[in-house]
Amino acid sequence: MKVLANDGLDQSGIDALTEKGFEVITAKVPQEFLVDYINEHKIRTLLVRSATQVRKDIIDGCPSIDIIGRGGVGMDNIDVDYAREKGIHVINTPAASSESVAELVFAHLFSGARFLQDSNRKMPLVGDTEFAGLKKAYTAGIELRGKTIGIIGMGRIGQEVARIALGLGMRVVAADNNVGRASIKVKFYNNQFINVDIETESLQDVLKHSDFITLHVPAQKDGYMIGKNEFEIMKDGVAIVNCSRGGVIDERALIEALDSGKVKFAGLDVFINEPTPSKEILTHSKISLTPHTGASTLEAQDRIGLSLAEQISSILQIQ
Ligand SMILES: O=C(O)[C@H](O)COP(=O)(O)O
């Protein structure tokens, strides 16, 4: 049984599948050749991350496919309902990468709070005489401890962000249309833990009261969730991080808010145009950037590989 992992698969997944008798192919087949490749190699399971698009053309054109697996959370690159209507199993790994995404949120927050994105760009270019000037430019750093973080979307990742924020001594406020109260267990290295209940509030209240805002919502179908009006409601000097999906924030409105000083800094892992974000976004001194790497840690990919292998074996009833 052949598995095509078109956006790659961690060795943990390759080993677990190979052990069960699968042949795992990790060729990166360009989108336009995918239908032919799948048919020619009689692929039964197609695994993707977010790059490969699994639309109707693939689903209709490849009758050999039994399973479509998303190594990750968001399935906006897959026509999930259509595939399921056709009797194809569609799976993902919703729990495997929460910690990694949440840690990246804080990487962006600490980066922006201390101007790392700007100093990383400028320091290699300055001479001795400009060093002091640069140091002066970075004197207004801020601490996270004691500040309020607003988490929009209290699913697994949002809750993981809350866990870290509570550990750092931050106040947590949250908005979520589906979660009324989240019970967050913060576990310490010595296995002691505390439980903190967080009641969600309206989006407006969270925008109004947060020093830092982080977004953990799916791709938006009906326009931007955060645009000009939402930036206006926020505190002056707020910071915002988006490690969810491009298009949740209106990038034009974000640039304006950064330029006016309304927003102190932003951290972006996702963009309206991937893989080619706008030059304005890429070169802005107040934006910390990562190329959609929220789930790209050794640990998350290991868990993703194992989870996919387990689910595939269970669907196909292979012991
Ligand atoms: O939805 C996800 O799991 C993340 O956006 C990660 O996407 P990736 O697997 O393409 O890195």
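Counting begins at 1 with the first residue of the sequence. When a ligand or atom number is given, it counts from 1 through the structure's own listing order.
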Report, as yes or no, whether the 6.0 Å neighbourhood of atom CD on Q204 holds more than 12 heavy atoms from other residues, nucleotides or ligands.
->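 Count not over threshold, so no.
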
Taking only heavy atoms of the protein into account, state which residues are under 4.0 angstrom from an atom of ligand 1, in chain and number order.
->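 Within the 4.0 Å shell of ligand 1, which is judged on heavy atoms, sit R49, S50, R70, G71, G72, V73, G74, R245, H292, A295.
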
For the residue pair D269 and T290, confirm or rule out a side-chain donor-acceptor distance under 3.5 Å.
->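 Distance-only check passes for D269 and T290.
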
Is the shortest heavy-atom distance from the side chain of E199 to the side chain of R181 under 4.5 Å?
->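 Yes, their side chains come closer than 4.5 Å.
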
Identified salt bridge (Lys or Arg N to Asp or Glu O under 4.0 Å) partner of D211 from the options R145, K235, K147 =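 Looking at R145, K235, K147, the match for D211 under the salt bridge (Lys or Arg N to Asp or Glu O under 4.0 Å) is K235.
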
Nearest-0.5 Å distance, OG1 of residue T93 to CZ of residue R70 =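 These two atoms lie 7.0 Å from each other.
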
Partners meeting ring pair (Phe, Tyr, Trp, His ring centres under 6.0 Å) with F110 (sequence neighbours left out) |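 With neighbours one apart ignored, the set is empty.
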
